[in-house]
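Predicted model only: the values in this text are computed from it and were never measured.
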Amino acid sequence: MRLRRPVRGLPLVLALALGAGVVAPAAPASAARVLEIDGRGYGHGRGMSQHGAQGRAKAGLTYTQIIAAYYPGTSLGTISDSTSMRVWIQGDDDGVTTVRAENGLSLRTTAGTVALPTAVAGHAPSTWRIRLSSTTLVLEAYAGGAWRTHGTAALTEALAGQSGATLQAADGTLELLLGSTYRDYRGTVSATRVTSGGATTLRTVVTSSTGDYLRSVVPAEMPASWHAQALRSQAVAARTYASWDRDVNVNASWYDTCDTTSCQVYKGREDRREDGTLIRSYEQAATDAAVAATAGRVVLSGGRPAFTQFSASNGGHSAAGSQAYLAAAPDPYDGYAPWKVQLAGTTISARYPAIGTFTSINVLARDGEGPWGGRVENVRINGTLGSVTVTGSAFRSAFGLRSTLWVANTTTGAAEDTQRDWTGDGLADLIGRGPDGKLWLYRGKGDGGFWQRLQIGKGWQTMDMMTRIHGFGGTDAPEIVTTSHDGRLYLYPGDGKGGFTTRVQLGHGWHVFDTLIGVEGWHRDGAPGIIARDAAGSLLLYPGDGRGRFEPKRVIGARWESMDVILSAGDWDGDGEPDLITRHEPTGDLYLYPGTGSGGFRAAARIGNGWGAMDAIVGGADWDGDDRYDLIAREEATGKLWLYRGDGQGGFFPRVQVGNGWTGFSIVN
């Protein structure tokens with residue numbers, strides 16, 4: 001697969017909005033097709049719009065007025081925030097419940113409560129875990145470098161015949177191991193034996209008070225920097241939704257709600273590394289205040305908690321839901337910006353292979369509420385071999401669209417060479433240098449993974465900085481630009497077969513820079529260039545002319561010294577222009593700097609946190625074959641390689657591990 005985008009200056013095949021029954025005709029068969037989508041809103045649009053709540057709060061409305069506007073016909077009531085909430089931690093899916101050891105830990109079952117020992121086999125435990133042996137609960141401690149049984153008769157008796165067990169601490173908080181991170185929760189942690197579809201496993205449940213639960217949920221669902229009345233409306237909606245999930249909705253007997261967007265996002269108090277270092281905190285003072293200011297307030301319908309759905313933005317018009325109080329109505333207070341997405345025809349064809357090559361699309365039905373005739377309810381995707389019809393929600397999910405409120409045009413475009421395709425097979429690869437100076441090629445499989453490595457060079461320990469670039473020397477091939485210890489700049493042209501032709505010296509005196517980033521299309525469509533940072537933190541662009549020479553340099557930024565990673569991300573946000581991604585060293589936060597296409601960039605946006613654990617991050621390629629740019633990062637402590645799949649709109653899908661043993665390698669950025 002090759003990344004595609006529209007080429008500037010090419011005419012639109014048809015610039016018609018797609019209403020119900022209107023088709024965007026196909027481009028000529030020889031042209032690459034790109035579906036350009038203009039959308040509004042973010043989420044399903046039912047119930048409260050969070051951006052609308054913010055707009056109303058800024059206009060002077062109170063949280064009670066905001067709630068009344070988004071859930072008409074309901075009333076406000078009161079419950080106790082001390083009521084317990086059992087939350088299924090869906091990310092803990094390995095069938096083992098593991099917590100960090102601490103003073104005052106005990107285990108509780110229906111048979112009683114037993115204190116956990118402070119020593120097991122003469123060693124102090126660092127962690128405790130509950131797992132299944134067949135269908136029996138087993139409690140073990142990691143002590144003295146090995147997992148050991150607890151060795152306490154009272155604990156054995158307490159666990160006998162039990163289907164669940166709860167770990168609790170004297171201070172009321174526990175650190176649950178999720179992957180390689182310990183997540184601190186208020187309340188208790190339970191391991192529950194669950195049988196589903198004939199299989200038996202353990203599920204992890206955190207039980208806290210409703211008030212403590214909300215202290216994590218509210219800032220996860222709405223920015224804590226927003227207006228106090230908007231935060232209060234979110235607290236009421238979130239409290240009500242959780243109460244509805246617990247008291248009205250039908251769930252399994254062992255949990256009340258879950259911790260993901262399937263319910264509400266719940267991240268506990270904070271995350272810590274294995275050594276106890278704080279990674280991030282989730283509770284915020286402003287949202288704690290909102291929870292306290294609305295203590296116990298819930299939305300009632302018929303005397304019971306209402307189904308208080310909410311989404312980030314309704315795009316200016318809410319959608320009708322399953323209840324009378326989830327009504328469709330204009331919302332002039334929702335100021336969320338319109339968005340654009342470009343879908344390559346190859347991406348659409350890959351998702352729906354039965355259609356053959358994508359040609360056009362028909363919107364068959366809309367809900368009649370809002371711009372363009374409302375949200376898309378059904379869509380037909382057409383190709384050279386046939387058509388498929390799917391719901392608007394299914395189409396949104398398939399391509400990660402922000403909502404179903406959109407209109408589309410079909411344009412023609414030209415294929416761009418994959419920037420990291422070193423072997424000419426159309427797939428993105430990686431190149432790494434070992435500590436001994438050997439250069440290794442890791443050929444991409446096109447699905448995010450890599451084939452067995454091949455050595456393609458030696459003696460590269462004499463090189464300092466390395467970055468990939470494309471077409472700088474006048475060939476349509478990827479290249480490597482390096483600096484030597486004495487500050488000389490060299491170009492290693494790729495031969496399209498995984499190797500290199502004769503290197504060329506491009507300049508000298510480059511020892512004044514500490515970062516090099518190869519870019520394409522940064523200052524002019526399709527043109528190569530190098531962005532460099534000097535010791536003072538200034539960012540300079542060295543535009544390439546495409547014939548192996550530089551045009552006059554430009555200063556494009558200042559005070560970049562706090563960024564310890566700067567990388568070319570390709571068109572990360574889907575606006576048709578290449579972007580930069582950086583990591584802020586003091587915080588580990590990741591920032592997107594959208595490129596303008598003319599040598600500069602727009603205001604930065606934070607797109608991630610907790611990236612301090614990574615010691616190498618590379619981008620500018622589509623490693624998984626979905627026609628969206630991705631990032632690959634190496635975890636410093638473990639040497640694991642992770643693929644962060646881009647969603648084409650400036651964010652990420654869940655990461656996937658794609659390698660082990662990468663410690664010590666310098667990866668060409």
Side-chain angles (χ1 to χ4, degrees), residues 80-121 123-143 147-178 182-195 200-213 215-216 242 246-247 251-259 266 268-269:
S80 173
D81 273 359
S82 63
T83 305
S84 65
M85 190 68 65
R86 299 173 301 163
V87 187
W88 173 16
I89 308 301
Q90 294 187 336
D92 194 9
D93 58 359
D94 60 358
V96 181
T97 300
T98 306
V99 302
R100 192 194 297 272
E102 58 179 280
N103 293 330
L105 275 182
S106 60
L107 180 137
R108 186 180 76 240
T109 68
T110 59
T113 301
V114 181
L116 269 59
T118 57
V120 175
H123 303 280
S126 60
T127 51
W128 288 92
R129 74 180 182 187
I130 300 174
R131 64 177 181 85
L132 282 176
S133 176
S134 184
T135 59
T136 302
L137 296 182
V138 175
L139 175 68
E140 297 173 324
Y142 193 77
W147 287 105
R148 306 173 189 272
T149 56
H150 53 78
T152 304
L155 288 171
T156 300
E157 183 177 346
L159 287 168
Q162 297 290 327
S163 60
T166 297
L167 295 167
Q168 56 192 28
D171 65 358
T173 67
L174 278 171
E175 293 184 48
L176 175 69
L177 182 62
L178 297 175
Y182 283 91
R183 180 158 291 179
D184 195 353
Y185 290 97
R186 298 181 185 274
T188 63
V189 173
S190 300
T192 300
R193 188 179 68 210
V194 175
T195 300
T200 300
T201 187
L202 277 187
R203 298 288 189 231
T204 299
V205 173
V206 169
T207 302
S208 70
S209 69
T210 298
D212 284 343
Y213 163 80
R215 293 178 66 182
S216 174
R246 179 189 59 206
D247 302 333
N251 288 316
S253 61
W254 50 274
Y255 75 98
D256 299 320
T257 190
C258 66
D259 67 336
Y266 170 62
R269 293 178 62 213

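Within the 4.5 Å cutoff, no side-chain heavy atoms of Thr156 are placed close to those of Thr149. The closest side-chain heavy-atom distance from Leu155 to Pro117 is below 4.5 Å. In this structure, the side chains of Asn103 and Leu105 stay at 4.5 Å or more apart for every pair of heavy atoms. Considering only heavy atoms from C-beta on, Tyr182 comes within 4.5 Å of Thr127 through its side chain. In this structure the side chain of Leu174 never reaches within 4.5 angstrom of the side chain of Trp128, judged on heavy atoms. A 4.5 Å side-chain heavy-atom check between Leu132 and Leu137 finds at least one atom pair inside the cut-off.
Counted by atom type alone, Ser134 and Thr136 present zero donor-acceptor pairs between their side chains at under 3.5 Å. Checking Thr200 against Thr195 by side-chain atom types alone, a donor-acceptor pair falls below 3.5 Å. A donor-acceptor pair shorter than 3.5 Å can be found between the side chains of Thr204 and Thr97.
Atom OG1 in Thr166 sits 4.5 Å away from atom CZ in Arg108 (nearest 0.5 Å). For the atom pair CD of Glu157 and CD of Gln162, the computed distance is 10.5 Å after rounding to the nearest 0.5 Å. Atom-to-atom distance recorded for Ile130:CD1 and His150:NE2 is 10.0 Å, nearest 0.5 angstrom.
Taking all atoms of both residues into account, the shortest heavy-atom contact from Glu140 to Val138 is CG-CG1, 3.8 Å. Closest heavy-atom contact between Asp212 and Arg186: CG-CD, 3.6 Å. For the pair Leu116 and Leu107, the tightest heavy-atom approach, listed with the atom from each and the gap, is CD1-N, 3.4 Å. Closest of all the heavy-atom pairs between Ala158 and Val114 is CB-CG2, 4.0 Å. What you find for Asp259 and Gln90 is that their closest heavy atoms are OD1-N, 3.0 Å. The shortest non-hydrogen separation linking Leu178 to Gly91 is CD2-C, 4.4 Å.
The main-chain N or O of Thr210 is never found under 3.5 Å from a side-chain atom of Thr83 such that the two would form a donor-acceptor pair. With hydrogens and angles ignored, the 3.5 Å screen pairs a side-chain donor or acceptor of Asn251 with a backbone N or O of Asp256. A donor-acceptor contact shorter than 3.5 Å links the side chain of Thr109 to the backbone of Ala111. Within the 3.5 Å criterion, the main-chain N or O of Ser84 finds a donor-acceptor partner in the side chain of Arg246. Listed for the Arg269 side chain is no donor-acceptor partner under 3.5 Å among the backbone atoms of Asp184.
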Task: Working for side-chain hydrogen bond (donor to acceptor under 3.5 Å, both in side chains), residues Ser80 and Ser82 - done: CA-CA 5 Å; Ser80 173; Ser82 63; 2.6 Å; yes
TODO: Under the side-chain contact (heavy atoms from CB on, under 4.5 Å) rule, what do Arg193 and Leu202 come out as? Steps first, then yes or no, please.
DONE: CA-CA 5 Å; Arg193 188 179 68 210; Leu202 277 187; 4.3 Å; yes
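Residue Asp171 places its CG atom among more than 12 non-hydrogen atoms of other residues, nucleotides or ligands, all under 6.0 Å distant.
Here the options are Tyr213, Tyr266, Trp88, the test is side chain to side chain contact (heavy atoms under 4.5 Å, CB included), and the partner is Thr257; only Tyr213 passes.
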